[in-house]
Number of protein chains: 2
Amino acid sequence: MRRKRIRNWENRLREEGYKITTPRKSILSVFEQLGGHPNAREVFNNLSSQSPDIGLTTIYRTIELCVRLGILKKYDFGDGHSRYEIANEKTDHHHHIICEKCSKIIEYRDFLDEETTLIKKIQNKLEKKYDFNIKQHVLDFYGLCKECSDNK
Amino acid sequence: MRRKRIRNWENRLREEGYKITTPRKSILSVFEQLGGHPNAREVFNNLSSQSPDIGLTTIYRTIELCVRLGILKKYDFGDGHSRYEIANEKTDHHHHIICEKCSKIIEYRDFLDEETTLIKKIQNKLEKKYDFNIKQHVLDFYGLCKECSDNK
DNA sequence: CCTTTAAATGAAAATGATTATCATTACCAT
DNA sequence: ATGGTAATGATAATCATTTTCATTTAAAGG
Ligand SMILES: [Mn+2]
Ligand SMILES: [Mn+2]
Ligand SMILES: [Zn+2]
Ligand SMILES: [Zn+2]
């Protein structure tokens with residue numbers, strides 16, 4: 001049985017000539033274990049117990065590098081800080097539902113078939129009409145989660 | 001012939017008990033005249049010649065107020081500062097195409113019929129499934145504009 | 001394993017956007 | 001016209017992110 005080789009972030013860094021360092025290992029492992037969409041400070045806090053010696057600066061630098069190499073995906077949900085998540089087959093393209101009150105984020109990838117088809121169709125139309133080379137799209141829904149709706 | 005009364009921002013402010021002040025007039029008029037999606041500093045710069053006495057603080061405050069009252073719409077295109085535009089019948093709901101290199105923004109509202117229909121359908125599905133009260137959505141496309149594509 | 005060396009790191013300062021303070025000013029209802 | 005109150009502006013404070021620079025470390029050879 002043939003299986004697609006999983007290229008993890010270490011290989012990806014090596015490919016590009018970057019070093020595999022202790023801070024980088026720790027930071028990426030936080031992303032792997034934490035899940036969700038942590039921001040830089042949240043990564044820092046989660047690291048403080050195990051590796052209190054890693055500076056926030058390094059976290060920012062590592063994150064920026066990983067985003068550049070496609071290891072992490074960067075999101076901006078409008079709550080004042082960038083959020084990130086590991087980019088892989090599982091977390092790949094998906095959309096979000098964001099609570100405007102408590103910032104809870106739900107992600108979904110069970111797109112309707114029509115959904116995927118139509119987005120492509122729109123994208124093609126726009127590329128021609130506006131002479132753009134479209135690389136990606138964001139479709140996020142904003143509103144109130146159950147709890148925040150109830151609490152008036 | 002009956003016509004829908006156009007409620008401009010002055011009426012809107014009055015309704016809510018806010019004062020119609022000189023700075024507010026100037027700031028809103030910049031939005032009216034400038035068009036596009038200016039950020040706070042751009043408004044400030046455009047104001048500096050006519051009204052050098054208006055502080056950046058007041059611009060932020062006026063913008064925040066107007067966003068809260070629905071007079072302005074706030075956007076975050078990921079270039080580090082919030083951008084705004086007047087919300088009215090003409091500028092109402094639309095989507096964006098953003099150049100990741102030069103931050104050029106194209107907005108379009110000539111949605112395909114299917115587009116509008118499908119978004120509603122998706123929204124209904126999500127509201128039930130995730131128990132969310134969805135108020136709005138963002139569908140933005142990111143890529144490279146003609147110029148930025150050409151300049152390799 | 002030991003050296004070498006450029007890349008990586010961390011502390012601290014800098015930056016840039018946005019917000020808070022607070023004394024002063026200006027709407028606007030009376 | 002005038003007073004009460006909201007609005008304003010200068011300034012300082014926050015907060016996320018970036019830059020600087022001296023020090024440390026990964027990894028390539030020997
Ligand atoms: Mn996500
Ligand atoms: Mn727009
Ligand atoms: Zn909520
Ligand atoms: Zn461009």
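Scope of the values below: all heavy atoms of this structure, side chains included, with no hydrogens, waters or symmetry mates. To find a chain, count down the sequence lines: A is the first, B the second, and so on, and within it residues start at 1.
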Let me know the distance between [atom1] of [X] and [atom2] of [N], rounded to the nearest Å.
X       : N      : atom1 : atom2 : answer
B/Glu42 : C/dT18 : CD    : P     : 11 Å
A/Tyr60 : C/dA8  : OH    : C1'   : 19 Å
B/His81 : C/dT18 : NE2   : C1'   : 13 Å
A/Ile54 : C/dA11 : CD1   : P     : 11 Å
A/Arg68 : C/dA8  : CZ    : C1'   : 13 Å
A/Arg61 : C/dG10 : CZ    : P     : 8 Å
A/Glu64 : C/dA8  : CD    : C1'   : 13 Å
A/Leu65 : C/dA8  : CG    : P     : 8 Å

**4.5 Å side-chain heavy-atom contact, B/His93 and B/His137** = yes

**Request:** Identify, between A/Lys19 and B/Ser82, the residue whose nearest nucleotide on DNA chain C lies closer to the 5' end.
**Result:**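 Closest to the 5' end, via its nearest nucleotide, is A/Lys19.
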
**Asked** Pick the nucleotide of DNA chain C nearest each of B/Pro23 and B/Asn39; which residue has the one closer to the 5' end?
**Response**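 Taking each residue's closest nucleotide, the earlier one in sequence belongs to B/Asn39.
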
**Asked** How do B/Gly17 and B/Pro52 order along DNA chain D: which one's closest nucleotide is nearer the 5' end?
**Response** B/Gly17

At under 4.0 Å between heavy atoms, what does [X] touch on the DNA or RNA strands: base, sugar-phosphate, or nothing?
X       : answer
A/Asp53 : sugar-phosphate
A/Arg24 : sugar-phosphate
A/Thr57 : base

**Message:** Using the ring-ring contact (aromatic ring centres under 6.0 Å, His included) definition, which of the options B/Phe141, B/Tyr142, B/Phe111 pairs with B/His95?
**Reply:** B/Phe111

**Request:** Decide, yes or no, whether a salt bridge links B/Glu147 with B/Lys101 under the criterion of side-chain N to carboxylate O below 4.0 Å.
**Result:**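 Looking at B/Lys101 together with B/Glu147, the answer is no, because their closest N to O distance does not fall below 4.0 Å.
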
**Prompt:** First contact, last contact: which nucleotides of DNA chain D are these for chain A, 5' to 3', heavy-atom distance under 4.0 Å?
**Reply:**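 Reading along DNA chain D, I get D/dA16 to D/dA27.
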
**Message:** Roughly what angle, to 10°, lies between the helix axis at the start of the helix from C/dC1-D/dG30 to C/dT30-D/dA1 and the one at its end, five pairs per end?
**Reply:**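 Angle reported: 40°, given to the nearest ten degrees.
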
**Asked** If only atom types and distance count, is the side chain of B/Asn133 paired as donor or acceptor with the main-chain N or O of A/Gly143 below 3.5 Å?
**Response**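 Side chain of B/Asn133 to backbone of A/Gly143: no pair is present.
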
**Prompt:** Under 3.5 Å, is there a donor-acceptor pair between the side chain of B/Asn45 and the main chain of B/Ser48?
**Reply:**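 No: the side chain of B/Asn45 does not pair with the backbone of B/Ser48.
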
**Request:** Please state whether the rings of B/Tyr75 and B/His94 are parallel, tilted or perpendicular, taking 30° and 60° as the class boundaries.
**Result:**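 Rings of B/Tyr75 and B/His94: tilted, as their planes differ by 30° to 60°.
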
**Request:** Check the angle between the aromatic planes of A/His37 and A/Phe77 and answer parallel, tilted or perpendicular using the 30° and 60° thresholds.
**Result:** perpendicular

**Asked** Is A/Val30 reachable from A/Ile20 through a run of I, L, V, M, F, W or Y residues, each pair having side-chain heavy atoms under 4.5 Å apart?
**Response**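 The answer is yes; both residues are in one hydrophobic cluster.
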
**Asked** What closest approach, in Å, do B/Cys66 and B/Leu28 show between heavy atoms, and which atom pair accounts for it?
**Response**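 The pair with the smallest heavy-atom distance is SG-CD2, 3.8 Å.
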
